[in-house]
Amino acid sequence: MDTNKLLDGDLSVGSLPSIYQQFQEAMSDESTSFDEIGKIILYDSVLTARLLQIVNSPYYGFSDRIETVSDAISVVGTMHLSDLILSTVVVDKFNSIPESVVNIESFWKHSIACGLIARELASYNEDLDTEKFFVAGMLHDIGQILLCTKLPELTLKILLENQSEPKHLHEAESEELGFDHAELGAKLLGKWNLSEFHVELTKFHHNPSLAPNFAKEASILNFADVLVNIMQLGSSGETTISPELEKATYEGVELPDQVSLSDFKESIYEKFDETVKLFLQPN
């Protein structure tokens with residue numbers, strides 16, 4: 001089966017909402033002011049309210065109240081605000097799939113938890129941009145939504161067979177389809193003109209050692225994905241059997257010696273519910 005056939009000719013899948021595209025175009029123009037960029041977002045009142053709620057939440061922990069989008073841009077920065085917009089519009093774009101296949105709320109809970117863990121792990125490395133990792137976690141299984149939407153019966157067959165004969169879901173997909181959700185998701189992000197960072201991390205989040213340019217970053221996302229499944233925070237259809245943490249992947253994460261895995265997980269549990277409320281609130 002050709003992945004391109006699942007992506008080509010469907011405008012609803014092949015492009016992101018216009019407001020994100022307009023925001024990106026404004027950001028690329030050095031002459032555009034914060035106020036002008038803010039006005040683009042203001043055209044979408046729901047997105048505006050959501051962004052202001054997020055930047056004023058414990059997710060960022062700012063002491064002063066941020067009242068306007070232009071203030072948010074000046075405090076958070078255009079790149080980080082772009083990441084927040086991307087996360088928000090993608091959740092809204094893919095807010096339903098056949099319930100008989102995968103529960104969409106559980107799917108996004110898994111993705112949010114993966115983003116939280118990846119963001120936290122990246123914070124221990126001073127040379128990494130933590131917000132990019134939250135988005136990477138949010139997007140890493142986007143190909144699974146496409147499979148559920150485009151091939152619901154075949155995807156359900158794979159999921160059911162995988163429950164009775166447990167193996168990694170991406171391996172079962174490859175055997176049945178000739179590709180997996182990671183490859184399909186990476187191609188979708190490429191069609192959206194997202195960065196090489198996001199395309200590569202999505203493609204190699206199950207096989208980080210194969211990532212040609214971002215192996216360390218892909219290891220962080222892989223560790224986050226494994227840990228989310230162990231902690232059972234949502235589900236994207238993976239079996240409930242806890243995957244083993246590969247030694248090489250764990251070492252690639254570089255968790256500080258003073259940070260125990262149990263304390264780390266407790267910190268994620270504390271942040272999880274609040275973050276889910278921010279990104280999964282009804283429109």
Side-chain angles (χ1 to χ4, degrees), residues 15-29 32 34 37-38 40-42 44 46-62 66 68-94 108-142 185-186 188-203 205 214 217-218 220-221 224-225 268 271-272 274-281:
S15 62
L16 285 168
S18 60
I19 190 167
Y20 179 75
Q21 297 173 343
Q22 294 170 26
F23 183 84
Q24 291 297 98
E25 290 172 1
M27 280 180 54
S28 65
D29 185 349
T32 306
F34 284 173
I37 294 176
I40 294 172
I41 301 173
L42 286 173
D44 188 325
V46 173
L47 178 60
T48 298
R50 187 87 59 86
L51 290 175
L52 289 177
Q53 185 176 5
I54 292 171
V55 297
N56 282 297
S57 73
Y59 179 86
Y60 277 105
F62 295 128
I66 298 171
T68 66
V69 173
S70 58
D71 286 342
I73 295 173
S74 64
V75 174
V76 177
T78 52
M79 290 303 298
H80 285 185
L81 195 65
S82 176
D83 288 339
L84 282 180
I85 293 173
L86 178 60
S87 298
T88 303
V89 299
V90 167
V91 170
D92 289 343
K93 182 181 179 70
F94 295 104
W108 282 121
K109 284 182 177 180
H110 168 88
S111 300
I112 289 168
C114 189
L116 279 174
I117 292 175
R119 179 178 185 253
E120 192 78 10
L121 291 171
S123 70
Y124 299 126
N125 296 264
E126 294 182 358
D127 58 329
L128 298 179
D129 184 344
T130 58
E131 290 309 312
K132 289 170 64 176
F133 283 86
F134 181 78
V135 179
M138 291 285 287
L139 298 177
H140 77 290
D141 277 339
I142 197 72
L188 176 61
L189 300 191
K191 287 181 70 70
W192 288 351
N193 294 318
L194 297 191
S195 69
E196 182 183 6
F197 173 90
H198 287 305
V199 173
E200 187 171 311
L201 261 64
T202 294
K203 184 174 183 178
H205 72 268
F214 299 101
E217 292 86 347
I220 289 175
L221 185 58
D225 193 26
I268 297 301
K271 298 173 183 177
F272 175 69
E274 180 65 29
T275 309
V276 166
K277 290 177 183 178
L278 290 173
F279 285 94
L280 295 189
Q281 59 181 255

Minimum-distance pair of heavy atoms, taken over all atoms of Leu52 and Ile66: CD2-O, 4.1 Å
Worked verdict on Val90 versus Tyr20 for side chain to side chain contact (heavy atoms under 4.5 Å, CB included): CA-CA 10 Å; Val90 167; Tyr20 179 75; over 6 Å; no
CD1-CD distance between Ile37 and Gln24, expressed to the nearest 0.5 angstrom: 10.0 Å
Whether Ser74 side chain and Asp71 backbone form a donor-acceptor pair below 3.5 Å: yes
Side-chain donor/acceptor of Thr32 to backbone N/O of Ala26, under 3.5 Å: yes
Spacing of Ser111 atom OG and Leu116 atom CG [to the nearest 0.5 Å]: 11.0 Å
Side-chain touch Ile41/Gln22, heavy atoms, less than 4.5 angstrom: no
For Phe272 against Ala113, the heavy-atom pair lying closest together: CE1-CB, 3.7 Å
Residue list, side-chain contact (heavy atoms from CB on, under 4.5 Å) with Val91, at least two apart or on another chain: Trp108, Met138, Leu280
Side chain proximity check, Leu42 to Val69, heavy atoms < 4.5 angstrom: yes
Residue pair Leu84 / Phe279, side-chain heavy-atom distance below 4.5 Å: yes
Interatomic distance, Leu189 atom CG to Leu16 atom CG [nearest 0.5 angstrom]: 8.5 Å
By ring-ring contact (aromatic ring centres under 6.0 Å, His included) - contacts of His198 (at least two apart): none
Shortest non-hydrogen contact from Val55 toward Ala72: CG2-CB, 4.3 Å
Residues Arg119, Tyr59; criterion side chain to side chain contact (heavy atoms under 4.5 Å, CB included); working and verdict: CA-CA 11 Å; Arg119 179 178 185 253; Tyr59 179 86; 3.6 Å; yes
CA sep, side-chain torsions, deciding dist, call: Glu120, Lys271, salt bridge (Lys or Arg N to Asp or Glu O under 4.0 Å): CA-CA 11 Å; Glu120 192 78 10; Lys271 298 173 183 177; 2.8 Å; yes
For Ile54 against Tyr60, the heavy-atom pair lying closest together: O-CD1, 3.8 Å
Straight-line distance of Trp192 CH2 to Leu139 CG, nearest 0.5 Å: 6.5 Å
Side chain to side chain contact (heavy atoms under 4.5 Å, CB included) assessment of Leu86 paired with Leu194: CA-CA 10 Å; Leu86 178 60; Leu194 297 191; 4.0 Å; yes
For Cys114 against Leu221, the heavy-atom pair lying closest together: SG-CD1, 3.8 Å
Set of side-chain contact (heavy atoms from CB on, under 4.5 Å) partners for Ile19, sequence neighbours left out: Pro17, Ile40, Asp44, Leu47, Val89
Rounded distance [0.5 Å steps], OG1 in Thr202 versus CG in Asp141: 8.5 Å
Worked verdict on Phe62 versus Asn56 for side chain to side chain contact (heavy atoms under 4.5 Å, CB included): CA-CA 7 Å; Phe62 295 128; Asn56 282 297; 6.0 Å; no
Check: Asp92 and Arg50 side chains under 4.5 Å, non-hydrogen atoms: yes
Nearest non-hydrogen partners of Ala136 and Leu201, listed with the distance: CB-CD2, 4.0 Å
Reported OG-to-CD distance for the pair Ser82 and Glu131, which is rounded to 0.5 angstrom: 11.5 Å
Parallel, tilted or perpendicular: rings of His205 and His140 (30°, 60°): perpendicular
